[in-house]
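Taking it in order: structure first as structure tokens, then the write-up.
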Amino acid sequence: MSDKPKWEKYGGEKKPTMKRRCTEHDYYDRSIYMITMATEGRRQLFGQIEGNSNCEKEAVSVKLSAMGERVKECWENIADYYPQVEPMKLCIMPDHIHGLLFVHEKMNSHLGKVIAGFKTGTRKAARELGILPALIAQSATTPSRHTAAGRAHGTLWEPNYHDRLLRGRSQLQRMITYMDENPYRRWIKQQHPEYFTRMATLTVANYAMQAMGNRFLLDNPAKIQIQCSRSLTPAEIESRKTAILDQAQKEKSVLVSPCISPGEQAITTAAMTAGIPLIVLLVKGFPPYFKPQPKYIEACATGLLLMISPFAWQNEKLSDMRQRCLLLNSIAAEISK
């Protein structure tokens, strides 16, 4: 069979969607947002990750550069220009930021104008520190693989921003936890680059796959496919989980699943907690700057996880979800033979 990716027949090239606005939301109104912005070319201008050799989570932090300190200052000063906006929290990474903004009453300005003002302030700081002139000079001679067609423009930020709307109370704590643990996830990836580097196309079950993780899990002769109907009751899921984990531990097996249904997710999550290796088939492919889900980080760092996908990245709502799930389950069955 040809190594040509099978995902091409599922829609071909996709439009980037990570920075689209939510069409049904009023961006002037009261809300909480998680904002993400990255430097142009993913240049590491804001600091560096520091940790110890034992990779202890509490010991990992970001030591801010002078530019990082100015970014922090500009973020905290947003309320001086927009009194309706409270900067709740900020996570500064070497090449991007995550921040929580609470718009506590309706504004006369769109959220985009608030972000544009913040970017203006940080660009001014970059000029004062001599960083922006250097970026302009560098962009004239050094193409960047992180910008469209490799063209850098010598500015501080890449165009636009990504926002995530708060839609429930429990989501706020998840946002905060994600931001708090972001430096640790980067540190782990730096300590184990062999497991966090996107591989060249990997042929699995006669399909050309994108992949990340421990490819040698495919060589384990004992594999168990995890496929659970959505109609399973919690009691049935629990019974199946107990049986599968017991079998996997006795036979030193690798579990294989797309982890889509609640039963599949419950079993594979318990497997990772128990230190059982796992091959996950991703239904939407790998996005640019892919980072494994937080629950996958430890498993990936210890060589207990391989993520593969026959599909190109797609952020839109899937119109062919059933077909994709059937295909992934058939591939999982083939891998587990």
Distance col, row Glu69:CD vs Cys74:SG, nearest 0.5 angstrom, shows 11.5 Å

- Query: Judged by atom type as modelled, is there a donor-acceptor pair below 3.5 Å linking the side chain of His104 to the main-chain atoms of Pro83?
  - Reply: yes

* To do: Fit a plane to each ring of Trp75 and Phe118, take the angle between them on a 0 to 90° scale, and name the class: parallel (under 30°), tilted (30 to 60°) or perpendicular (over 60°).
  => perpendicular

Q: Decide if atom CZ of Arg322 counts as having more than 12 heavy atoms of other residues, nucleotides or ligands within a radius under 6.0 Å.
A: no

Interatomic distance, OG1@Thr269 vs CD@Glu264, rounded to 0.5 Å, equals 11.0 Å

>> Main chain of Leu165, side chain of Gln171: is a donor-acceptor contact present, judged purely on distance under 3.5 Å?
In response: yes

- Query: For the side chain of Gln225 and the backbone of Asn329, is there at least one donor-acceptor N/O pair under 3.5 Å apart?
  - Reply: yes

Determine whether more than 12 heavy atoms belonging to other residues, nucleotides or ligands lie under 6.0 Å from atom OH of Tyr81. no

### Message
For the backbone of Tyr28 and the side chain of His110, can you confirm whether one donor and one acceptor N or O come within less than 3.5 Å of each other?
### Response
no

- Query: Would you call the rings of Tyr195 and His192 parallel, tilted or perpendicular, where under 30° means parallel and over 60° means perpendicular?
  - Reply: parallel

Quiz prompt | Verdict with supporting geometry, Glu128 and Arg70, side chain to side chain contact (heavy atoms under 4.5 Å, CB included) | solution = CA-CA 10 Å; Glu128 292 172 353; Arg70 294 295 295 273; 2.7 Å; yes

Within the supplied structure, the quantity of interest is the number of heavy atoms (other residues, nucleotides, ligands) at a distance under 6.0 Å from Asn108 CG; does it exceed 12? no

- prompt: Do any N or O atoms from the side chain of Ser336 and from the backbone of Ala333 form a donor-acceptor pair under 3.5 angstrom?
  reply: no

Could you go step by step and tell me if Trp157 and Phe46 meet the ring pair (Phe, Tyr, Trp, His ring centres under 6.0 Å) rule?
CA-CA 12 Å; Trp157 301 99; Phe46 302 150; 5.4 Å; yes

In Val103, Val114, Leu100, Val85, the residue satisfying side-chain contact (heavy atoms from CB on, under 4.5 Å) with Tyr33 is Val103

Within 45 degrees of the axis of the six-membered ring of Tyr161 and under 6.0 Å from its centre: does Arg21 put its NZ or CZ there? yes

Problem set entry | Arg185 to Tyr178 six-membered ring, cation-pi geometry met (6.0 Å, 45°) | yes

Query raised in the report: So does Lys295 have more than 12 non-hydrogen atoms from other groups sitting under 6.0 Å from NZ?
Result: yes

Check: Thr120 and Lys124: side chain to side chain contact (heavy atoms under 4.5 Å, CB included), yes or no, with the steps?
Finding: CA-CA 6 Å; Thr120 297; Lys124 179 181 178 182; 5.8 Å; no

Between Arg186 and Asp95, is the side chain to side chain contact (heavy atoms under 4.5 Å, CB included) condition met? List the steps. CA-CA 11 Å; Arg186 173 69 71 87; Asp95 59 357; 2.9 Å; yes

| query | Backbone N or O of Arg30 within a donor-acceptor pair of the Glu105 side chain at under 3.5 Å? | reply | no

What one should report as the nearest heavy-atom pair of Gly263 and Cys228 is C-SG, 3.9 Å

Do the side chain of Gln210 and the main chain of Phe311 share a donor and acceptor less than 3.5 angstrom apart? yes

- Message: With heavy-atom distances below 4.5 Å as the criterion, would you say the side chains of Pro310 and Leu328 are in contact?
- Response: yes

Would you say NZ of Lys89 has more than 12 non-hydrogen atoms from neighbouring residues, nucleotides or ligands within 6.0 angstrom? yes

Is there a side chain to side chain contact (heavy atoms under 4.5 Å, CB included) between Ile49 and Met93? Walk through the geometry before answering.
CA-CA 8 Å; Ile49 305 290; Met93 298 293 288; 4.0 Å; yes

Between Ser330 and Glu334: side-chain donor-acceptor atoms closer than 3.5 Å: no

Lys72, NZ atom: more than 12 neighbouring heavy atoms under 6.0 Å: no

Under a single-linkage definition using a 4.5 Å side-chain heavy-atom cutoff for Ile, Leu, Val, Met, Phe, Trp and Tyr, are Ile331 and Leu255 assigned to the same hydrophobic cluster?
no

>> Closer than 3.5 angstrom, by distance alone: can the side chain of Tyr27 be matched with the main-chain N or O of Cys22 as a donor-acceptor pair?
In response: yes

d(Glu158 CD, Met37 CE) to nearest 0.5 Å is 10.5 Å

Check: Is the number of heavy atoms from other residues, nucleotides or ligands under 6.0 Å of Lys106 NZ greater than 12?
Finding: yes

- Does any N or O in the side chain of Arg324 come within less than 3.5 Å of the main-chain N or O of Val283, such that one atom is a donor and the other an acceptor? yes

Practice prompt. Using modelled atom types only, decide if a donor and an acceptor are shared between the side chain of Lys119 and the backbone of Asn160 within a distance under 3.5 Å.
Written response: yes

Contacts of Glu50 meeting salt bridge (charged side-chain N to carboxylate O under 4.0 Å, His left out) (sequence neighbours excluded), chain-then-number -> none

